[in-house]
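Below is one structure, written out as structure tokens, with a few remarks after it.
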Amino acid sequence: MNTPCRPIAVIGAGPAGLMAADVLSQAGYAVQVFEHKPSAGRKFLMAGKGGLNITHSEDFDAFVQRYDAPDWLLPLLQTFGAAQVQDWMHGLGVSSYVGSSGRVFPEEMKAAPLLRAWIAQLKRQGVSFCYRTRWLGWNDQGQQCLQTDGAPIQAQSFAATVLALGGGSWARLGSDGQGLAWLQAQGVGVTPLSASNGGVQVLWSPFIQALAGQPLKRVTAWLAGVTPVHAEAVLTPYGLEGGLIYALSRPIRQQLMQHGQATVWLDLLPDCSLEQLTARLHLQGKQTVANVWRKAGLDGAKAALIRDTLPKAAWSDAAQVAQQAKRLALTVTGLQPMDDAISTAGGVQRAALTEPLMLTTQAGVFCCGEMLDWDAPTGGYLLTACLASGRWAGAGAVAWLQAQADDPTTVTAL
């Protein structure tokens, strides 16, 4: 195989960038990874701090529908979905297991052992890493502009480039959206970034604000026209956060954009029918309201929400309390700031890319990871798509480079 004398640049050392570097280096290309933070995978490590949920074991047809761009991501996930992610981990010497929720974790639960094994393999494959180096786009001569720790900007030429710039959340860990802003300024179609998988704002009363930190366990939530989600949430001073809310990020964001607020409905006791709950809540003898509620499952944060949204005169009315518990409306007034969210929606638009994820305006430049315009809930979906798109972009770059070697005049092929 003819390999170019110039290396391939990968901009960004998160999961997508590292996967692209893996594919390219295995194909025999010299790869340089540039990262503006002092080390690789900082957001990856933070995401795995409480246990690295790397993918999900559910049926593939359901899996792909978790994404807001399933048609676009379908071939990527078919090539590198949950099963392939687990095989890849095992190839690095990291075994995995499936939790009761269907989520997939490394046996050790942590991200660090997996990342160390991966970096070590990449180095054995000849990949070099340049940290504290920020990508600043191209100059007028088409060279890449790179700046290391405030030193003078260096212009370099590469045989191909894979951009894995991340989104706009957790900027302190590397995803600050600056590269996307530069691409947009150059005419690349970019959907503005917005918070996803983050907390939502609710105008709590002082009574509820004082309960910040209390969990809402085994709760179902939904919006009008949206399939209910069964998970947990946590009360915060500003509103709610947790898996229950993250799973509804997309419809909440859409309602906020359309109406300025969103109504989220809660079923505080989804395992109990309205009729069953009404019967349990009937006061008998000298029982107190608090004791009856507690025995029925309405205690802690759940009881507080009922007390805060139902007039005190109705607390002893079993039918009214049951109705409120089964269909409690919360008005969401906004999202927490983007940098506080786990991920972001928006990014480089599908129309700005060819099928192998090469920019239509810049031959030999590929994009992958969270910087692309797709969104997904937590639960392993985010990481799987980042890995899959990195692999897809890396393979696209290999095919493009091979086409160049065969016919250098075919600069916009693929």
Side-chain angles (χ1 to χ4, degrees), residues 43 47 53 56 62-73 165-171 173 175-177 180-181 184 189-204 216 219-267 328-352 369-386 389:
K43 187 175 178 181
N53 175 203
H56 201 291
F63 184 95
V64 75
Q65 291 303 318
R66 302 292 184 179
Y67 298 88
D68 67 342
D71 293 343
W72 187 19
L73 296 179
L165 305 175
S169 65
W170 296 1
L173 300 177
S175 297
D176 57 17
L180 281 169
Q184 188 172 25
V190 175
T191 300
L193 298 178
S194 58
S196 182
N197 294 300
V200 297
Q201 298 168 2
V202 180
L203 295 177
W204 294 136
L216 281 171
V219 174
T220 294
W222 69 95
L223 287 81
V226 176
T227 303
V229 173
H230 186 67
E232 299 183 0
V234 177
L235 297 178
T236 67
Y238 59 78
L240 282 170
E241 64 178 31
L244 186 76
I245 296 302
Y246 302 160
L248 295 171
S249 284
R250 194 183 314 151
I252 289 174
R253 186 171 61 249
Q254 290 170 345
Q255 278 202 18
L256 286 169
M257 291 175 63
Q258 294 172 6
H259 308 294
Q261 63 181 35
T263 300
V264 176
W265 299 92
L266 297 181
D267 182 346
L328 190 146
L330 292 179
T331 299
V332 174
T333 58
L335 303 174
Q336 279 297 94
M338 187 165 61
D339 196 45
D340 294 337
I342 292 174
S343 62
T344 50
V348 177
Q349 297 168 356
R350 183 178 184 178
E370 198 182 337
M371 70 177 290
L372 302 182
D373 187 10
W374 58 270
D375 186 27
T378 57
Y381 308 103
L382 293 165
L383 272 173
T384 301
C386 284
S389 63

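In this text, all values refer to a predicted model and were calculated from it rather than measured experimentally.
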message: Quick one, Val264 and Val202 - any side-chain contact, counting heavy atoms below 4.5 Å?
response: no
message: Tell me whether the rings of His56 and Tyr381 are parallel (<30°), tilted (30 to 60°) or perpendicular (>60°).
response: parallel
task: Write down the atom of Leu193, the atom of Gly177, and the distance for their closest heavy-atom approach.
output: CD1-CA, 4.4 Å
statement: So OG1 of Thr191 and CZ of Arg350: to nearest 0.5 Å the spacing works out to 13.0 Å
- prompt: Among all residues two or more places apart in sequence or in another chain, which pass the side chain to side chain contact (heavy atoms under 4.5 Å, CB included) test with Ala195?
  reply: Leu335, Met338, Ala341
message: If we ignore hydrogens and angles and just use 3.5 Å, is the side chain of Lys43 paired with the main-chain N or O of Ala171 as donor and acceptor?
response: no
- prompt: Are any of the side-chain heavy atoms of Asn197 and Leu382 separated by less than 4.5 Å?
  reply: yes
- request: Look up atom CD1 in Ile342 and atom OG in Ser169, then write down how far apart they are to the nearest 0.5 Å.
  value: 8.5 Å
With Asp267 via salt bridge (Lys or Arg N to Asp or Glu O under 4.0 Å) - residues at least two apart: Lys326
- prompt: Of all heavy-atom pairs between Asp340 and Trp170, which one has the smallest distance, and what is that distance?
  reply: O-NE1, 4.1 Å
message: Using side chain to side chain contact (heavy atoms under 4.5 Å, CB included), reason through Leu244 and Leu216 one step at a time and then give a plain yes or no.
response: CA-CA 9 Å; Leu244 186 76; Leu216 281 171; 5.8 Å; no
task: Could you please spell out the steps behind the side chain to side chain contact (heavy atoms under 4.5 Å, CB included) verdict for Gln254 and Leu223?
output: CA-CA 11 Å; Gln254 290 170 345; Leu223 287 81; over 6 Å; no
query: Is the backbone N or O of Asp68 less than 3.5 Å from a side-chain atom of Trp374, with the two atoms forming a donor-acceptor pair by type?
result: no
Pro228: partners by side chain to side chain contact (heavy atoms under 4.5 Å, CB included), with sequence neighbours left out: Thr220, Trp222
Any Gln255 side-chain heavy atom under 4.5 Å of Val332 side chain: no
- prompt: Looking only at heavy atoms, what is the nearest atom pair of Gly239 and Trp204, with distance?
  reply: O-NE1, 3.0 Å
field: Closest contact, heavy atoms only, Leu248 versus Thr227
entry: CD2-O, 4.5 Å
message: Suppose we screen for ring-ring contact (aromatic ring centres under 6.0 Å, His included). Which residues come up paired with Tyr246, at least two apart in sequence or across chains?
response: none
task: Given side chain to side chain contact (heavy atoms under 4.5 Å, CB included), test Thr384 with Arg66 step by step and report yes or no.
output: CA-CA 12 Å; Thr384 301; Arg66 302 292 184 179; over 6 Å; no
query: Tell me, do Thr331 and Leu203 make a side-chain contact under 4.5 Å, heavy atoms counted?
result: no
field: Residues that Arg250 engages under salt bridge (Lys or Arg N to Asp or Glu O under 4.0 Å), provided they are two or more places apart
entry: none
- prompt: Does the Ser389 side chain pair with the main chain of Gly369, one donor and one acceptor, at a distance under 3.5 Å?
  reply: yes
statement: Scanning both residues in full, the closest heavy-atom pair of Thr344 with Glu370 reads N-OE2, 2.8 Å
- line: Residues passing the side chain to side chain contact (heavy atoms under 4.5 Å, CB included) test with Ala329, sequence neighbours excluded, are Thr263, Trp265
- prompt: Any side-chain heavy atom of Leu240 sitting closer than 4.5 Å to one from Leu330?
  reply: yes
field: Closest non-hydrogen atom pair between Ala247 and Pro377, with its separation
entry: CA-CB, 4.1 Å
